[in-house]
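Because only heavy atoms are used, hydrogens play no part in the values below, and waters and symmetry mates are left out as well, while side chains stay in. Every chain is numbered from 1 and lettered A, B, ... according to where its sequence line falls, protein lines coming before strand lines.
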Number of protein chains: 2
Amino acid sequence: MSDQARKRRLTSVDVAREAGVSRATVSYVLNDTPNQRIPEATRRRVWDAVDRLGYAPSAAARSLRSGRSEVVLALLPDWPFGRMVGAMLEQLAVALADVGLIFVAHPRAGSRRPVAEIWKAISPAAVLTWDPIEPADQAAMRAAGVKVTVGLFQRGDAGGLAVSEQRTGRLQAEHLAARGHRRLGYAFPDDERVLVFAEPRLAGVRSACAELGLDPPDVRTVRIDRPSAVAAVRQWTAGPDPVTAVCAYNDEVAVAVLGGAREVGVSIPTDLAVIGVDDLPLSAIVDPALTTVATDSGGLAAYLAAAVIAGLADEPAPRYPGSDIVELIVRDSA
Amino acid sequence: MSDQARKRRLTSVDVAREAGVSRATVSYVLNDTPNQRIPEATRRRVWDAVDRLGYAPSAAARSLRSGRSEVVLALLPDWPFGRMVGAMLEQLAVALADVGLIFVAHPRAGSRRPVAEIWKAISPAAVLTWDPIEPADQAAMRAAGVKVTVGLFQRGDAGGLAVSEQRTGRLQAEHLAARGHRRLGYAFPDDERVLVFAEPRLAGVRSACAELGLDPPDVRTVRIDRPSAVAAVRQWTAGPDPVTAVCAYNDEVAVAVLGGAREVGVSIPTDLAVIGVDDLPLSAIVDPALTTVATDSGGLAAYLAAAVIAGLADEPAPRYPGSDIVELIVRDSA
DNA sequence: CTGTTAGCGCGTTCAA
DNA sequence: TTGAACGCGCTAACAG
C-alpha cells in the first residue's frame, strides 16, 4: 500500500491529475452535468482514472456544497421491535431508494444521548420519529436544514399512527361482538415501552364496546409467561358473569393466554375466544391457530415514503391511511 | 416566521453577530476547546445566542473539516430480522454511543442500489456488514475515508459469525446425544435468505454427529406451516430406524415441528425430541416449552463495538467470542 | 464546442 | 480574541 493511501484522502484533484484534466471536468463527467458537452474520449479517461484510483467523492463536501442531504433518518423508539417493524423499515428503504433517498435508522432513540446529537451527526433531509417531536427540537432541526419531520404518534390521541392502532382494537372487539360475545377481556402487556401502542389499541376496544352496547372490557395485565396467563384466565372465567372472549395486546400475549387456558382447562374458542394483533409467522401454526389483526406494513411504508417525498418537495402531506392498513385475519381461536 | 428563516441556513456567523464575537470564538466555546482561555461571561453570551437562535452546526461542514465522521453504519442484509437482531442493534448503538459514536443501520443492503451509494451518502467512520465485503468495495471505502470495515460472515467457513453459528448447531446435537438419541433429524428453513445462518448451523450439527459417532442427520426442509411440518414429521418417524430427535433451524421452525407432531399423534419429547434456536419470548410458553439455544446478543454487540473502536484507534481487533456467546436452554421439548 | 479559473458553503484552527 | 486559511466538491463565468 502506497504511503499516500494512508496519508491523504483521495480527492478529485488526484483524479484530475491522473486523467490529465481539471477538477471541474472531473465533476462534470461524474455528475453527467447537462449543458456541458464533453467528448466521449475525455469521459472515458476520467472514468478510467476514477476506477483505477478507486475514487469516491466526499459526501461531506458534497452535501456541504449542495446544502442538501439524500439521507432520511428514522429515530427508532425504545420498544422492542420485531418482524413487522423490521419489514416496514425494509419496505420504506426500498420506496425511498426509488427516488434516490437513502434510508437509515438509529435504534434506541434518546436512550443515553439527546436526540439532537444524532441528527446533527447525520444531517439528514428528513427525520422520522415514533414519539412526537418536541417543538424545541423541531425548531432546531429546521434551523439545521432538516426539511421534513414526521412524528408517527402525534401528541394527544388525535392523529398519526394512533388512528390505525385504535382501529386495530375496534376490529378485535367488533369481530368478537359479531360472534355473539358480550363480555370481553383485554390482555394488557407488561412493558411500559409499548404503551404508545397498547393504549390506543385498548382505547379502540373500549370505544367499540361502548358503541356496540357491551360492557367495558375487563382489563388484566398479562406477562409472557405461564403463571401470569393462568392467573388472568382464572380471573376472567371465574364468577357468575365470566368473560367469554379476550382481545390480546399482540400475538405473543395471545399465545400466552392460549397456554394459560390450556393449563386451566378452558377450551379455546368454545369457552374463551382469543384474538391477537400482528399476525406473526407463528400465529398460523400454534394450536389453535390464532385469529388476529394484521397491519399492512407495505401500506404504512408507502404512506411514510410519500409523506417524506411530499415534504421534501414542499407539497402537502398525503392523507393518512388510518383504517385501511389494518385487516382482520380469522383463524380458529376466535 | 422571518423570511431569513426559510432563505438561509443559520450559521456560526449569525451566532457570532448575535453574541458580538468572532466565528472563531463561537467555535471555541461550542467545542470547549482546550488551551483557549475564554472568560465565563463571553461563553455565556455565546451560549445564549445559540439558544436564542436555535443554532446547530452543520454536520457536513464539520466532518468535511475534521476529516472524520462519528457515524458507524451497519448494512443489514436481506433476511428478515426479528427480535434478536433488533436487540443486538440496540445494544450496539448504546455501546457505541458510550464512546461518542452514532450508530445507524440501513435495512435491505444492496437491494436495488449498489452498496456504494449508501456509504457514500453517509461517509461513516466504520461500516459493518453481514455478508463479506468485496475487495473492490473494501478498497473504495478505504479511499473514501472509511477506516474500519467489519464483515460478520467472512468468506469461506473460517471466521466471523460462522463460528458461533456452528457452535449453535453443535450444542443442539450434543444435547440430544447426551439424552441418548442416536438418529437425529434436521429441520432446514425454506428461505434462501437465511442460508448464511442455516448452513453453518447444519454444519455444526453434522460435525458433532460425526464426532460423537452418530449417523449423519436426516435433513428435511420445513416451512412455517402445518402441512409441511406434518410431512416432515411423518418422514422422520416412519420406517424401521426412525429419527428420535430433531434440531430445528430456529424456534419458529421448531414450533412448526411441534404442531406437526401433535397433528400426527407423535408425542413430544417421548417419541420425538425437538430443539430450536433463538429463545423467542414465545418459546417458553408454547406447549411443550421449547428447549433451545440462545445467542447472547449483548455479548455479540459488545464484541462488535470493541472491534469498531479498536479499528478506529488503529489497534488490533479483539478476539472473536466464537463459542462463549451461545447457551443451551433446556425446557421440556428435548 | 471544450475545458479552465475562481469562489462558494461552513466549521475549525493556526498564527497573530 | 480574532483574521484568514483550509478541507473538498460544485458550478457560474470565462477563455482557448
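Considering only side-chain atoms of Pro39(A), the nucleotide from dT2(C), dT5(C), dG7(D) that sits closest is dT2(C).
In summary, Arg23(A) and Asp14(A) do not engage in a salt bridge, as defined by a charged side-chain N under 4.0 Å from a carboxylate O. A salt bridge between Arg142(B) and Asp137(B) is absent, with no side-chain N of the basic residue lying under 4.0 Å from a carboxylate O of the acidic one. Electrostatic pairing of Asp48(B) and Arg45(B) does not count as a salt bridge here, judged by no charged N lying under 4.0 Å from a carboxylate O.
Put simply, the side chain of Lys147(B) never gets that close to the backbone of Ala125(B): no donor and acceptor are under 3.5 Å apart. Here the side chain of Asp296(A) pairs a donor or acceptor atom with the backbone of Gly298(A) at under 3.5 angstrom. Proximity of a side-chain donor or acceptor of Thr25(B) to a complementary backbone N or O of Val21(B) within less than 3.5 Å is not detected.
Val21(A) comes within 4.0 angstrom of sugar-phosphate atoms only, judged by non-hydrogen atoms across all strands, and of no base. No engagement by Ser63(B) is indicated, since no non-hydrogen atom pair under 4.0 Å with the nucleic acid exists.
One interatomic measurement links the two molecules: CG of Leu53(B) to P of dG11(C), which rounds to 12 Å at whole-angstrom precision. If you take CZ of Arg17(A) and P of dC8(D), they are 13 Å apart, rounded to a whole angstrom. Taking atom CD1 on Ile38(B) and atom P on dT1(D), their separation rounds to 6 Å, with Å as the unit. Between the CZ atom of Arg45(B) and the C1' atom of dT2(D) there is a distance of 14 Å, given to the nearest Å.
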Could you go step by step and tell me if Val13(B) and Val26(B) meet the side chain to side chain contact (heavy atoms under 4.5 Å, CB included) rule?
CA-CA 9 Å; Val13(B) 179; Val26(B) 172; over 6 Å; no
Stepwise side chain to side chain contact (heavy atoms under 4.5 Å, CB included) check, Val308(B) with Leu128(B):
CA-CA 9 Å; Val308(B) 167; Leu128(B) 239 61; 3.6 Å; yes
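The phosphate of dC8(D) (OP1 or OP2) has no side-chain N or O of Ser58(A) nearer than 4.0 angstrom. Note on Ser12(B): a side-chain N or O is less than 4.0 Å away from OP1 or OP2 of dG11(C).
Atom CG of Leu73(B) sits about 13.0 Å away from atom CD1 of Ile102(B), to the nearest 0.5 Å.
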Go along nucleotides 10-16 of chain D 5' to 3' and tag each nucleotide: B for a protein heavy atom under 4.0 Å from its base, S when only backbone or sugar atoms are that close, - otherwise.
BBBB---
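When the C1' atoms of four end pairs are superposed on the next four at each end of the helix from dC1(C)-dG16(D) to dA16(C)-dT1(D), using five pairs per end, the two resulting axes differ in direction by 50°, to 10°.
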